Amino acid sequence: APDNPNMASARAAIIAKGIATREDIMRVLTKPMTCPDVAYALGRTRQLINRHLVLLAQAGKITRRKTKGVNVWEAAE
């Protein structure tokens with residue numbers, strides 16, 4: 001049920017963890033990096049990091065460009 005307090009607290013925990021992951025990404029993205037580079041720097045999976053990179057790009061906090069067919073991410077100016 002949507003009004004279940006356990007569900008609400010679990011959702012809040014998931015959201016907080018996602019925010020923390022995006023903050024970690026912004027901290028390590030001091031120069032243009034690929035997704036595997038960011039994932040390695042944070043000790044996380046590429047799939048997880050890629051999802052958060054896409055969310056950060058949608059929010060306008062980072063930009064993506066392709067170099068030789070590889071996505072390179074960097075903090076927006």
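Values in this document were obtained by computation on a predicted structure and should not be read as measured data.
Checked for salt-bridge contact, E74 and R65 meet the test: a charged N lies under 4.0 Å from a carboxylate O.
T34 is not listed as a side-chain neighbour of N71, based on a closest heavy-atom distance of 4.5 Å or more. Here the side chains of R64 and V72 are not in contact, with every heavy-atom distance at 4.5 Å or above.
A side-chain donor-acceptor contact under 3.5 Å links T45 to the backbone of L48.
Residues L29 and Y40 are members of separate hydrophobic clusters, defined by side-chain heavy-atom contacts under 4.5 angstrom among Ile, Leu, Val, Met, Phe, Trp and Tyr. W73 and M26 end up in the same hydrophobic cluster when Ile, Leu, Val, Met, Phe, Trp and Tyr side chains are linked at under 4.5 Å. Residues I25 and V54 share a hydrophobic cluster, clusters being chains of Ile/Leu/Val/Met/Phe/Trp/Tyr side chains in contact below 4.5 Å.
Note that SG of C35 and NE2 of H52 are 11.0 Å apart. Values are rounded to the nearest 0.5 Å. Distance check, rounded to the nearest 0.5 Å: CG of L42 to CG of D37 gives 11.0 Å. To the nearest 0.5 Å, the span separating OG1 on T21 from NZ on K17 amounts to 6.5 Å.
Considering every non-hydrogen atom in both R46 and P36, the closest pair reads CD-CG, 3.6 Å. Minimum heavy-atom separation, G60 to A76: O-CB, 3.5 Å.
The only option from I62, L55, L53, I49 that meets the side-chain contact (heavy atoms from CB on, under 4.5 Å) definition with R22 turns out to be L55.
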